[in-house]
K.L.:
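Below is the structure I would like to discuss, written out as structure tokens.
Below, read A as the first sequence line, B as the second, and so on, with proteins coming before strands; counting in each chain starts at 1.
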Amino acid sequence: MSDVTVTFPDGSTRSYATGTTAYEVAKAIGSRLGKAAVAAKVADTWADLDTPLLADTELAIITRDSDDGREVLRHGTAHVLAQAVTKLFPGAKYAIGPAIADGFYYDFELADGRTFSESDLEAITSEMVKIIKADQRFEREDLGFDAGREVFVEQRFKVEIIDKVSGGAADSDDAAEVSTDGVSIYRNRDADGRVCFTDLCRGPHVPSTSKLGAFKLLRVAGAYWRGDEKGPVLQRIYGTAWEDTKALEAHLLRLEEAERRDHRKLGVDLDLFSFPDEIGSGLAVFHPKGGVIRRVMEEYSRTRHAESGYEFVYSPHITKQDLFETSGHLQWFADGMFPPIEIDGGTDYYLKPMNCPFHILIFKSRSRSYRELPLRLFEFGTVYRYEKSGVVHGLTRVRGMTQDDAHIFTSRENMAAELASLLDFVLTLLCDFGLSDFYLELSTKPPGKAVGTDEEWDQATEALREAAASKNLDLVMDEGGGAFYGPKISVQARDAIGRTWQMSTIQVDFQLPQRFDIHYTGADNERHRPIMIHRALFGSVERFFGVLVEHYAGAFPTWLAPVQVVVLPVADRHDDYSHEIATSLKSQGVRIEVHDGHAGALGARIRRSKLDKVPYILVVGDADVENNTVGVNARGSDQPRRDVAISDFASELLTEIRTRSTGTADASSAN
RNA sequence: GCCGGGUUAGCUCAGCUGGCAGAGCAACGCACUUGUAAUGCGUAGGUCGUGGGUUCGAUUCCCACAUCCGGCUCCA
């Protein structure tokens with residue numbers, strides 16, 4: 001018998017008898033590797049462990065604790081879910097069941113229009129556990145398209161997928177299910193050799209269900225078939241699966257942590273903002289404590305913009321219809337706008353969904369010289385967008401929001417330089433708020449929903465790409481995700497627990513300058529068309545606020561905290577001294593409160609301020625009055641400091657505020 | 001907008017199959033004057049999201065609407 005030479009990822013090679021399977025190779029290398037193996041990559045292609053090696057090849061064993069391995073486990077668990085559902089809900093049709101970040105889902109259509117409820121998950125879970133214990137083998141078979149249709153004659157979604165792929169219309173979604181030269185299916189066979197479940201699947205799969213197990217079903221949801229709003233609504237079950245129960249538990253703990261940081265919950269607990277039903281969905285009011293944070297955010301932003309050459313403008317919230325006809329909003333963005341307000345049966349007025357047309361009119365109010373460019377017009381502009389009822393979400397998706405919006409009018413020649421310095425500005429501003437881990441997303445022309453020629457779009461897209469490339473950050477493409485008037489770069493920021501949020505957007509626009517026919521006089525005494533750059537750095541103040549709440553888990557750095565210091569007199573006789581401290585620090589701009597004995601026992605007052613996440617609690621008693629000292633109980637430290645000279649505390653505090661230190665921002669100190 | 005699940009005091013939640021509503025915390029009052037995460041006692045607070053319907057009787061069952069939550073779609 002001849003041998004095959006196998007090359008491993010580390011470059012080493014070994015010889016095996018022809019026909020040896022990937023699994024046998026893994027076992028031969030070590031019993032631990034054999035146990036951890038869930039699939040293989042043969043010549044860089046995913047493969048099952050029982051794949052025989054018939055020629056010299058590269059081979060990588062995929063282990064259960066790798067990203068690839070977890071994907072295999074999740075996909076396998078999705079199959080088990082589908083088997084359980086088809087058993088418990090006779091007549092159920094199964095559609096697609098991919099692995100996703102941290103988990104998997106599977107979409108079903110139940111007989112007679114039945115739907116899942118959360119209470120079904122328990123029974124489904126028990127059934128899944130049975131299947132896993134039954135140690136069913138996953139068996140692959142490759143079939144022609146027609147044979148595949150025959151296997152799934154009862155499963156209309158599978159047939160639809162096969163039809164679509166066999167017709168050559170494979171898109172990325174389908175690629176997850178089938179290959180292009182036929183289809184592969186996986187059968188689950190129990191110990192008696194009985195076929196329990198068959199699914200259309202590209203694979204690879206674990207050899208048997210007993211390799212699965214650390215999973216949890218999380219929730220049920222409706223989802224459109226193929227994501228098509230007009231298509232049938234399927235019943236989706238989400239779950240998560242991991243290499244072992246320890247990893248599963250850790251993941252569930254992370255979910256709890258995310259829940260604990262939910263800005264909607266913290267907004268109530270910390271008395272920051274609310275969404276009164278009486279006002280309407282997606283319309284927030286900021287309470288005094290939230291108002292402090294927002295004011296400090298806005299003031300700092302204004303300062304930075306002033307330093308960076310922006311000029312401040314103001315514009316109204318409503319405008320006549322014609323303005324949005326000219327801008328193209330009524331043609332391209334009407335779905336996102338509130339219905340018109342009719343005045344005297346004549347002119348319609350609209351709430352503005354964007355600030356750009358107003359800033360253009362300011363540019364247009366008189367003739368402009370090239371010497372004025374780049375002209376940077378900034379406004380905290382409040383806009384209103386009609387968001388569909390199901391999509392409003394806390395402060396991150398609202399119907400009324402304030403953008404830190406600016407429009408930069410610049411020459412074509414200067415555009416690249418302006419974009420580069422703008423990106424710098426964005427990133428440093430976000431860093432000042434404690435976000436420092438970014439990647440960029442480049443959104444291109446939305447097909448069928450855009451104005452302007454392909455050439456103009458290409459030019460604008462290229463300019464953005466160059467600016468992004470110069471920043472040395474990861475750049476992700478978002479094809480077709482641009483606004484109707486131009487492509488955009490979005491800055492995505494990762495927060496303290498690794499979630500990403502869309503923050504700033506920068507958009508290049510050749511269109512609106514044309515539509516409004518704006519121009520400037522160049523050094524050559526000719527008229528030139530300026531380029532517009534739209535940009536919002538917070539995105540919206542509301543969303544940014546919400547993201548900061550979650551990033552800091554409500555424990556804002558001192559410069560942003562609504563109450564920076566609370567002074568607690570031990571007894572009534574320390575009240576005067578407490579107020580002296582407060583008055584003195586207040587005069588230096590510190591947000592400080594005294595909570596005296598009427599607020600309860602000392603322990604209770606400390607607890608109250610801790611729950612409010614106040615950065616510094618000062619406890620003062622006889623010794624402090626005597627020596628001009630304070631006891632400092634800092635947020636996040638478990639040991640209070642005693643006998644700190646008040647002057648020392650004050651200078652440390654003022655420095656921390658002045659430098660906008662985010663030193664107390666780490667996740668563990670958030671309690 | 002679509003699918004599913006909710007809506008009981010400021011907050012967190014009890015309230016079995018219909019029979020005129022409860023707790024803890026918070027608020028307020030009194031007492032307590034306290035050295036680093038909950039002092040005690042008392043008081044007040046709800047037309048059970050809104051409007052219809054069924055019923056002798058609805059917080060409870062049905063319908064519509066509002067609103068929230070989890071997703072889908074869409075987005076700053």
Side-chain angles (χ1 to χ4, degrees), chain A residues 105 107 113 115-120 218-238 262 264-265 268-269 271 274-282 333 335-336 353-354 383 385-398 401-405 443 481 483 488 490-491 501-505 507 534-544 546-547 568-575 596-598 600-612 617-624 630-634 637-643 671:
Chain A
Y105 67 80
D107 285 347
T115 56
F116 290 125
S117 69
E118 302 274 342
S119 52
D120 292 324
L218 296 175
R219 55 179 52 102
V220 301
Y224 298 112
W225 167 234
R226 293 183 167 286
D228 178 4
E229 237 177 315
K230 291 169 205 83
V233 176
L234 305 178
Q235 293 293 304
R236 176 171 297 181
I237 292 179
Y238 281 97
D262 191 317
R264 295 165 302 183
K265 167 104 179 105
V268 175
D269 290 349
D271 197 15
S274 61
F275 290 90
D277 287 357
E278 294 86 338
I279 297 178
S281 181
F333 200 72
D335 286 351
M354 293 186 195
V383 298
R385 298 186 184 174
Y386 180 74
E387 298 290 351
K388 290 191 265 182
S389 61
V391 306
V392 296
H393 181 93
L395 287 175
T396 58
R397 194 74 184 276
V398 294
M401 61 171 151
T402 301
Q403 296 181 306
D404 60 330
D405 206 4
S443 303
K488 70 178 178 192
S490 319
V491 178
W501 303 86
Q502 176 170 339
M503 315 271 30
S504 320
T505 65
Q507 307 174 350
H534 307 236
R535 37 112 297 169
L537 308 191
F538 291 157
S540 84
V541 178
E542 288 80 2
R543 172 178 289 182
F544 194 69
V547 170
L568 305 180
V570 170
D572 287 353
R573 62 181 179 279
H574 312 120
D575 285 0
D596 64 23
H598 293 294
L602 183 64
R605 282 180 280 156
I606 290 168
R607 181 181 146 81
R608 184 69 256 153
S609 293
K610 288 286 184 190
L611 291 175
D612 285 342
I617 298 167
L618 304 183
V619 175
V620 298
D622 289 332
D624 297 299
V630 290
V632 180
N633 189 331
S637 78
D638 40 0
Q639 199 62 298
R641 293 153 68 202
R642 286 287 295 269
D643 306 317
N671 299 320

K.L.:
Please give me the minimum heavy-atom distance between A:Ser540 and A:Met401, naming the atom from each residue.
P.N.:
CB-SD, 3.5 Å

K.L.:
So A:Asp277, base contact, sugar-phosphate only, or nothing? Heavy-atom distance under 4.0 Å.
P.N.:
sugar-phosphate

K.L.:
To the nearest Å, how far apart are A:Lys230 NZ and B:C3 C1'?
P.N.:
17 Å

K.L.:
Nearest to the side chain of A:Tyr238, heavy atoms from C-beta on, is which of B:G1, B:U36, B:G71?
P.N.:
B:G71

K.L.:
Taking OP1 and OP2 of B:U33, is either one under 4.0 Å from a side-chain nitrogen or oxygen of A:His574?
P.N.:
no

K.L.:
Please tell me which of the listed nucleotides, B:G4, B:A37, B:U34, lies nearest to the side chain of A:Lys610?
P.N.:
B:A37

K.L.:
Applying a 4.0 Å non-hydrogen cut-off, can you work out what A:Val233 is touching in the nucleic acid: base, sugar-phosphate, or nothing?
P.N.:
sugar-phosphate

K.L.:
Quickly work out the A:Trp225 CH2 to B:G71 C1' distance and round it to whole Å.
P.N.:
18 Å

K.L.:
Has A:Arg605 got a side-chain N or O lying under 4.0 Å from the OP1 or OP2 atom of B:U34?
P.N.:
no

K.L.:
Pick the C1' atom in B:C61 and in B:C16, then give their distance to the nearest Å.
P.N.:
16 Å

K.L.:
Is A:Val383 touching bases, backbone alone, or none of the nucleic acid, heavy atoms closer than 4.0 Å?
P.N.:
nothing

K.L.:
Looking across every strand, which nucleic acid part, if any, lies under 4.0 Å from A:Lys488 by heavy atom: base, sugar-phosphate, or nothing?
P.N.:
sugar-phosphate

K.L.:
Students often get this wrong, so: under 4.0 angstrom with heavy atoms, is A:Glu387 touching a base, only sugar-phosphate, or nothing?
P.N.:
base

K.L.:
Consider the side chain of A:Ser281, meaning its heavy atoms from C-beta on, and name the nucleotide among B:C68, B:A76, B:U36 that approaches it most closely.
P.N.:
B:C68

K.L.:
Given B:U12, B:C72, B:A76, which nucleotide is nearest the side-chain atoms of A:Val391?
P.N.:
B:C72

K.L.:
Write down the distance between CG (A:Leu611) and C1' (B:U36), rounded to a whole number of angstrom.
P.N.:
14 Å

K.L.:
Once you round it to whole Å, what is the distance between C1' of B:C2 and CG of A:Asp107?
P.N.:
14 Å

K.L.:
Regarding A:Gly539, tell me which of base, sugar-phosphate or nothing describes its non-hydrogen contacts under 4.0 Å with the strands shown.
P.N.:
sugar-phosphate

K.L.:
Dot-bracket for RNA chain B: what is it, with Watson-Crick or G-U pairs under 3.5 Å, [ ] where a pair crosses earlier ones, and | for a pair to another strand?
P.N.:
(((((((..((((.....[..)))).(((((.......))))).....(((((..]....))))))))))))....

K.L.:
Need one value for A:Phe538: base, sugar-phosphate or nothing, where a base atom within 4.0 Å counts as base even if backbone is also close, heavy atoms only.
P.N.:
nothing

K.L.:
Base, sugar-phosphate or nothing for A:Ser389? Non-hydrogen atoms, less than 4.0 Å.
P.N.:
base

K.L.:
Would you classify A:Asp624 as touching base, sugar-phosphate or nothing, given that sugar-phosphate means primed atoms plus P, OP1 and OP2, and contacts are heavy atoms under 4.0 Å?
P.N.:
base

K.L.:
Nearest to the A:Arg573 side chain among B:C11, B:G71, B:U33, which nucleotide is it?
P.N.:
B:U33

K.L.:
Would you indicate which nucleotide in B:A76, B:U33, B:U39 comes nearest to any side-chain atom of A:Asp572?
P.N.:
B:U33

K.L.:
When the nearest nucleotide of RNA chain B is assigned to A:Gln502 and to A:Gly282 on a heavy-atom basis, which residue is associated with the more 5' position?
P.N.:
A:Gly282

K.L.:
Within less than 4.0 Å of OP1 or OP2 of B:G1, is there a side-chain N or O belonging to A:Tyr224?
P.N.:
no

K.L.:
Does A:Asn633 use its side chain to pair, donor to acceptor, with the backbone of A:Ile617 at less than 3.5 Å?
P.N.:
no

K.L.:
With respect to A:Ile237, which candidate in A:Asp107, A:Leu218, A:Val220 satisfies the side-chain contact (heavy atoms from CB on, under 4.5 Å) definition?
P.N.:
A:Val220

K.L.:
Would you classify A:Arg219 as touching base, sugar-phosphate or nothing, given that sugar-phosphate means primed atoms plus P, OP1 and OP2, and contacts are heavy atoms under 4.0 Å?
P.N.:
sugar-phosphate

K.L.:
Looking across every strand, which nucleic acid part, if any, lies under 4.0 Å from A:Arg642 by heavy atom: base, sugar-phosphate, or nothing?
P.N.:
base

K.L.:
Stepwise, does the side-chain contact (heavy atoms from CB on, under 4.5 Å) test hold for A:Asp622 with A:His574?
P.N.:
CA-CA 7 Å; A:Asp622 289 332; A:His574 312 120; 2.6 Å; yes

K.L.:
Between B:G6 and B:G10, how many Å separate the two P atoms, rounded to a whole number?
P.N.:
23 Å

K.L.:
Considering every strand and a 4.0 Å limit on heavy-atom distances, what is the contact class for A:Arg608: base, sugar-phosphate, or nothing?
P.N.:
nothing

K.L.:
Name the nucleic acid region contacted by A:Ala604, choosing base, sugar-phosphate or nothing; use a 4.0 angstrom heavy-atom cut-off, strictly under.
P.N.:
sugar-phosphate

K.L.:
In whole Å, what separates the C1' atom of B:C72 from that of B:U54?
P.N.:
36 Å

K.L.:
Less than 4.0 angstrom between a side-chain N/O of A:Arg264 and OP1 or OP2 of B:C69, yes or no?
P.N.:
yes

K.L.:
Under 4.0 Å, heavy atoms only, any strand: does A:Gly227 hit a base, just the sugar-phosphate, or nothing?
P.N.:
sugar-phosphate

K.L.:
Can you tell me how far P in B:G35 sits from the matching atom in B:G45, rounded to whole Å?
P.N.:
37 Å

K.L.:
For B:A44 versus B:C68, give the span between their P atoms, rounded off to a whole number of Å.
P.N.:
35 Å

K.L.:
Using whole Å, what does the distance between atom P of nucleotide B:G70 and atom CD1 of A:Ile237 come to?
P.N.:
19 Å

K.L.:
How many Å lie between CD on A:Glu278 and P on B:C65, as a whole number?
P.N.:
21 Å

K.L.:
If we take the C1' atom in both B:A66 and B:G57, what is their distance in whole Å?
P.N.:
27 Å

K.L.:
Any side-chain N or O of A:Tyr386 under 4.0 Å from OP1/OP2 of B:C74?
P.N.:
no

K.L.:
How far, in whole Å, is B:C74 from B:C28 if one measures between their C1' atoms?
P.N.:
48 Å

K.L.:
5'-most contact on RNA chain B: A:Arg397 or A:His393, nearest heavy atom basis?
P.N.:
A:His393

K.L.:
Evaluate the criterion side-chain contact (heavy atoms from CB on, under 4.5 Å) for residue pair A:Val268 and A:Arg264; output intermediate values, then yes/no.
P.N.:
CA-CA 7 Å; A:Val268 175; A:Arg264 295 165 302 183; over 6 Å; no

K.L.:
So if I take every side-chain heavy atom of A:Gln235 and compare against B:C3, B:A76, B:A37, which nucleotide ends up nearest?
P.N.:
B:C3

K.L.:
Taking atom C1' of B:G35 as reference, at what distance in whole Å does atom CD of A:Gln639 sit?
P.N.:
13 Å

K.L.:
Determine the interatomic distance between P on B:G22 and the same-named atom on B:U36; round to the nearest Å.
P.N.:
41 Å

K.L.:
Please state how far atom CZ in A:Arg385 lies from atom P in B:U73, giving the value in whole angstrom units.
P.N.:
20 Å

K.L.:
Select one nucleotide: of B:G1, B:G71, B:A76, the one nearest the side-chain heavy atoms of A:Ala221.
P.N.:
B:G71

K.L.:
Which listed nucleotide (B:U36, B:C68, B:G1) is nearest to the side chain of A:Val392?
P.N.:
B:C68

